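Reviewing the structure listed below.
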Amino acid sequence: MNTMRYDHRAVEAKWRQVWEERGYHEPDLDAAARPYYNLMMFPYPSAEGLHVGNVYAFTGADIHGRYKRMCGYDVFEPMGFDAFGIHSENYAIKIGDHPRTLIRRNVRNFRENQLKRIGARFDWAHQVNTTEPEYYRWTQWVFIRMFEQGLAYRKKAAVNWCPSCMTVLADEQVIADRCERCDALVTQRELDQWFFRITDYAERLHQNLDTIDWSEITKTAQRNWINRSEGALLRFQIDGRDDYLEVFTTRPDTIFGATYMVMAPEHPLVDELTASDRRDEVAAYRAQVRETTQEERVAEDRPKTGVDIGAHCVNPATGERIPIWIADYVLWGYGTGAIMAVPAHDERDFAFATTFGLPIREVISPDGESHELEAAYIGPGVMINSPPFDGTPSAEGMSKVTQHLAERGLGEPHIEYRLRDWCISRQRYWGPPIPMIHCKQCGPVPVPEEQLPVLLPDLENFAPDDSGRPPLARAEEWVNVPCPQCGAPARRDADVSDNFLCSAFYFLRYPSVGMDHVAWDPERTRRWLPVDMYIGGNEHACLHLMYTRFLTMALYDAGLVPFEEPFRKFRAHGLLAKDGAKMSKSKGNVVNPDELLDSMGADTLRLYLMFCGPFQQGGDWRDEGIAGMRRFVERLFNLVMEGEIVDTPVEGDLERVMHAAIRKVGEDLDGLRYNTAIAATMELSNAIRDSGVAQREAVETLLKLVAPLAPFVTEELWHALGHEGTIHDGPWPEYDPAKLVADTVDIPIQVKGKLRGTVTVPTGASEQEVLEAARSIPAVATQLEGKEIRKVIFLPGKLMNIVV
RNA sequence: GCCGAAGUGGCGGAAUCGGCAGACGCGGCGGACUCAAAAUCCGUUGAGGGCAACCUCGUGUGGGUUCAAGUCCCACCUUCGGCACCA
């Protein structure tokens, strides 16, 4: 063995202890001068332990925090546990344990054996655990605030029911009609549930996206989910009645082509409007639709079905009587649950009209002429067959038609959103009880604040059943309480709330952890919030991140927080794959972080994870690659520990490379481009090696550049070089732009755009000088022989292109 | 179907503004050290051709703009992610 072996175990243990004892990772929350709140999505402490995907995300976020610290900020980087939920409840049932014991064990394992080893600067004095009463008391407090603001309401509605999880799901938890957790086909059930009025905030949630500094990919997903669409509400008088059938359309300009109407089968007016001779047929169709699973209903290329109910509307534009149908391609729950069908200009209406032989009338024409339509024309054009609007461009027609109808009280402009209210109730055990009491006289009454938290009772049997009746309803002595308002016998709400409520405000709680009189201290909140940087996975774009923005806005409106957007910056990290494929237990291609922390050490693991690809795009893990990173760490170690450190000034090429590295690494860390930052530190390391000596200035600069990426070994070496304190408090090295310029420069010479050689000339050489030098290159001379130079493109210091 | 991201050596991936394609690393090959191997260090490594100086080709495909295109424009193919009968 000719080199000293770097003992990562001893070094990591030593510095972990020193950092903890000296409180390096605990900023003064009441007095910090340059507060920087560096947040990452807290994990779910599963029994399997920390996933390498978590390590990937946390490392990327931690590097950002460490870099900011070295740049002079007081960085607050808390960590916690999102530990309520079906996952651990199911697991507890499976192994016959109680979720509370299970979670305490898992949290301990996560924190002590895993999170504390990855080298992150977590402030453990401010940990949260959503399942502890001191936390969920505030979850309940938040619920009551929402109730007081009129943003929590109860409604009996068809909700998504997962027959396997035996609970309801929010719309956001249903992916292509399947439960996002267990993949079971979701059915619909009529249940009384609590909802939060997120739809009241649809416009703000949409509008603010233009003003916040978030990953574009995340904003796009949110825009998509909110699905704002501008159009009009139009009223069609029902033939023979005084009332109207209201529809939402984004194409009021096509109203002259509305040749029939379609209502959703679930529409309540269907009963009233159906002609007596159609009742049997309508009832049969509605029954059939009820039986149809959502999956079948949206299956591709499914032929259109529907029934003419024998009633008519008057088209307010043409005065025609047009038939009303019901069909399952019109959804109850979007818009008004009824549409005006314009087969000429809507693909779905076209398919339906073709199937049932309904008239198709062209009213928008790209060229102003009439055509035989083979398919719906959905593009722009001019209005035809639409007196008195003929010739009007369709874009203009939209507002003109709406205005025309509005004048007669038959419509108005309207913006519709796809976003629907957030269903909060869950018929499960392992969650925060909903702090409400149902009284026959007073209705739903909040639990008085001094009685919070409503403790989750210990149940022997907490398994759910298919009745829709929650497990807590079985705890009779817990459920039966007097009404806080009138004292009459009443019952607690026995549902628990959606876990996403727990995680929708945890970032507000972190700075105030330990204060049991207040959810979040106003002074600390003002100092530390909104969050400066939030890093997490984009899979939460429509769930956690949307709910959190909504809740923050609602709290802002209630005067409870002084800002309406919770996160100044959000960056979505990519996914870590392995050998080109997504990691999954079933494929058996998961990377075990514990083993690697043991065998390679935290620094090597951190560096290699970040080296696998651009952090915001994800990376591809290869087992063979990590050895190279370990070699890099050992080279750093040997650079300091093996040779002699020389105090001569750094000059010449090495000085230039060093300043270039300072610039490059700083810029890359700023942009979360950790893979190229690491490459740049390797280049500097290679340049020091090639220089033949280890000069103090160069070595110390290198250590500082590597410090946020590999905190342990750099701290060790920093002290080995005789320093006190910690390398991690900075300052970050500065570069001198003047030092980036070399005395001579290599200029590529192209002939007709093709590279033929390179000349080395003094920096600032003129076009003439470069051209002279270029002629002396054999390859260039050959190319120029017997030809006339037509033009010379010269970029001083960069390139010359000779055109012949 | 719509929206978004991306296609570059054997592999992961680099390449501010249109200006030397392949940084950095893995793997491979050759060498040093060693009895030998491992480890380490040094050299080399896009493909094809040539004794050589050099030449030709090359960033998913086909066109185009330009002195110059991985980068810009048009058309298309493939992969991944999101939404999806949302009127």
Side-chain angles (χ1 to χ4, degrees), chain A residues 1-3 5 175-176 216-225 227-229 231 247-251 254 262 264 297-300 302 304 327-331 333-342 345-349 351-352 416-420 538-539 541-542 574-575 577 579-580 582 607-608 611-614 616-629 631-632 634-635 638 664 667 671 673 675-683 685-686 689 746-758 778-779 782 790-793 795 798-804:
Chain A
M1 193 186 276
N2 57 3
T3 60
R5 190 84 182 156
I175 311 293
E216 210 47 53
I217 189 171
T218 311
K219 297 209 270 187
T220 305
Q222 293 209 342
R223 280 195 195 98
N224 229 318
W225 186 255
N227 194 23
R228 178 186 195 270
S229 68
V247 301
F248 173 70
T249 179
T250 53
R251 294 295 302 273
T254 65
V262 188
R297 188 164 167 167
V298 298
E300 243 174 278
R302 179 166 169 263
K304 292 276 182 288
D328 67 1
Y329 82 94
V330 172
L331 307 175
Y334 182 78
T336 63
I339 61 158
M340 65 175 203
V342 184
H345 305 292
D346 181 281
E347 286 166 350
R348 295 150 301 181
D349 297 342
F352 191 83
E416 185 68 33
Y417 307 88
R418 202 273 303 270
L419 185 71
R420 293 213 262 147
N538 202 46
E539 65 274 16
C542 302
L575 224 68
D579 302 325
K582 218 169 163 172
L607 284 164
Y608 188 59
F611 192 65
C612 284
Q616 292 180 75
Q617 274 166 50
D620 195 8
W621 176 281
R622 309 265 152 169
D623 283 335
E624 318 83 59
I626 193 168
M629 202 50 79
R631 277 198 282 273
F632 175 60
E634 286 181 10
R635 270 204 297 273
N638 292 327
K664 173 78 176 152
E667 285 172 358
R673 293 181 296 269
N675 56 334
T676 49
I678 293 166
T681 64
M682 288 175 164
E683 282 184 80
S685 161
N686 291 345
R689 177 197 61 203
D746 292 345
I747 296 187
I749 306 298
Q750 298 178 339
V751 180
K752 286 196 300 181
K754 276 196 180 153
L755 183 73
R756 297 296 170 180
T758 308
T782 322
R790 276 205 359 240
K791 195 172 168 190
V792 174
I793 315 265
L795 280 82
K798 277 203 148 170
L799 169 133
M800 172 169 281
N801 187 10
I802 303 164
V803 188
V804 293

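Computed from a predicted model, the values in this text were never measured in an experiment. In what follows, every chain begins at residue 1, and chains take the letters A, B, ... in the order their sequences are listed.
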* Asked: Start at the 5' end of RNA chain B and walk down; is the nucleotide closest to A:Ile339 or to A:Asn538 reached first?
  -> A:Asn538
* Give a yes-or-no answer on whether the side chains of A:Asn227 and A:Trp225 include a donor-acceptor pair shorter than 3.5 Å. => no
* **Heavy-atom closest pair, residues A:Lys798 and A:Pro748** => O-CD, 2.9 Å
* To do: May I ask you to say what A:Arg689 touches in the nucleic acid, namely base, sugar-phosphate or nothing, with a heavy-atom cut-off under 4.0 Å?
  => sugar-phosphate
* Asked: For atom C1', what is the distance between B:C76 and B:G28, given to the nearest Å?
  -> 37 Å
* Asked: Say you pick atom C1' in B:A14 and the same atom in B:U71; how far apart are they, in whole Å?
  -> 14 Å
* To do: Take atom CG of A:Leu419 and atom C1' of B:C83, then tell me their distance rounded to the nearest Å.
  => 14 Å
* Select base, sugar-phosphate, or nothing to describe what A:Ser229 touches, counting heavy atoms under 4.0 Å on all strands. => sugar-phosphate
* Asked: Considering only the P atoms, how many Å lie between B:C20 and B:C26, rounded to the nearest integer?
  -> 26 Å
* To do: Please state how far atom CG in A:Asn227 lies from atom C1' in B:C85, giving the value in whole angstrom units.
  => 13 Å
* What is the glycosidic conformation of B:G9: syn, defined as within 90° of 0, or anti? -> syn
* In whole angstroms, how far is the C1' atom of B:A87 from the CZ atom of A:Arg251? -> 11 Å
* Look at the aromatic rings of A:Tyr334 and A:Phe248 and report parallel, tilted or perpendicular, splitting at 30° and 60°. => perpendicular
* Should B:A38 form a Watson-Crick or G-U wobble pair with both distances under 3.5 Å, which nucleotide is its partner? -> none
* Asked: So, does A:Tyr608 use its side chain to make a donor-acceptor pair with the main chain of A:Arg622 at under 3.5 Å?
  -> yes
* d(CD1, A:Ile217; C1', B:C80) in whole Å -> 10 Å
* Structure fact -> Its glycosidic angle compared against 90° from 0, B:C17 adopts the form syn
* A:Tyr329 has a side chain; which of B:A87, B:G82, B:C85 sits nearest to it? -> B:C85
* side-chain N/O A:Arg631 vs B:U40 OP1/OP2, d < 4.0 Å -> yes
* Asked: Which of these, A:Ile339, A:Thr336, A:Val247, sits in a side-chain contact (heavy atoms from CB on, under 4.5 Å) with A:Val330?
  -> A:Ile339
* Asked: Atom CZ of A:Phe632 to atom P of B:C24: distance rounded to whole Å?
  -> 13 Å
* Asked: Between A:Lys582 (NZ) and B:U79 (C1'), how many Å, whole number?
  -> 14 Å
* For B:G19, the Watson-Crick or wobble counterpart (both distances under 3.5 Å) -> B:C67
* Mapping A:Lys754 and A:Val803 onto RNA chain B by nearest heavy atom, which one lands closer to the 5' end? -> A:Lys754
* Asked: At their closest point, which heavy atom of A:Glu667 faces which heavy atom of A:Arg673, and how far apart are they?
  -> O-NH2, 3.2 Å
* Asked: Which value, in whole Å, describes the distance between the C1' atoms of nucleotides B:G13 and B:A21?
  -> 13 Å
* **Any A:Asp620 side-chain heavy atom under 4.5 Å of A:Cys612 side chain** => no
* **Pairing partner (Watson-Crick or G-U wobble, both distances under 3.5 angstrom) of B:A5** => B:U79
* Tell me, for nucleotides 10-21 of chain B in 5' to 3' order, what letter each nucleotide earns: B for a base near a protein heavy atom under 4.0 Å, S for only sugar-phosphate near one, - for neither? -> -SBSS-B--BB-
* To do: Might you point out which heavy atoms bring A:Asp349 and A:Met340 nearest each other, and give the distance in Å?
  => OD2-O, 4.0 Å
* Asked: If you look at every strand shown and take non-hydrogen atoms under 4.0 Å, does A:Arg635 touch a base, only sugar-phosphate, or nothing?
  -> sugar-phosphate
* Given the P atoms of B:G9 and B:A47, what is the spacing between them in whole Å? -> 12 Å
* Give one of base, sugar-phosphate or nothing for A:Gly335, where a contact means two heavy atoms less than 4.0 Å apart. => nothing
* Which letters describe nucleotides 48-54 of chain B, given B = protein heavy atom under 4.0 Å from base, S = only from sugar-phosphate, - = neither? -> -------
* B:A23 OP1/OP2 closer than 4.0 Å to side-chain N/O of A:Asn686 -> no
* Mind checking the P distance from B:A84 to B:G19? Whole angstroms is fine. -> 41 Å
* To do: Work out which heavy atom in A:Phe352 is nearest to a heavy atom in A:Ala327; give both atom names and the distance.
  => CE1-CB, 3.6 Å
* B:G62 - base-pair partner by Watson-Crick or wobble geometry, distances under 3.5 Å -> B:C74
* To do: Rounded to whole angstrom, note down the C1' distance from B:C29 over to B:C35.
  => 25 Å
* Structure fact -> In whole angstroms, the gap separating P of B:G4 from CD of A:Gln616 amounts to 18 Å
* Asked: Atom CZ of A:Arg418 and atom P of B:A87: how far apart are they, to the nearest Å?
  -> 10 Å
* What interatomic distance, in whole Å, is found between P of B:C72 and the corresponding atom of B:A6? -> 10 Å
* In Å, rounded to the nearest 0.5 Å, how long is the span from CZ of A:Arg223 to CD of A:Glu216? -> 5.5 Å
* Asked: Taking only residues two or more places apart in sequence, or in another chain, which ones meet A:Asn538 in a side chain to side chain contact (heavy atoms under 4.5 Å, CB included)?
  -> A:Ile217, A:Thr218, A:Ala541, A:Ala572
* Asked: Where the side chain of A:Lys304 is concerned, which of B:C83, B:C85, B:A87 is the nearest nucleotide?
  -> B:C85
* Structure fact -> What one should report as the nearest heavy-atom pair of A:Ala264 and A:Leu331 is CB-C, 3.8 Å
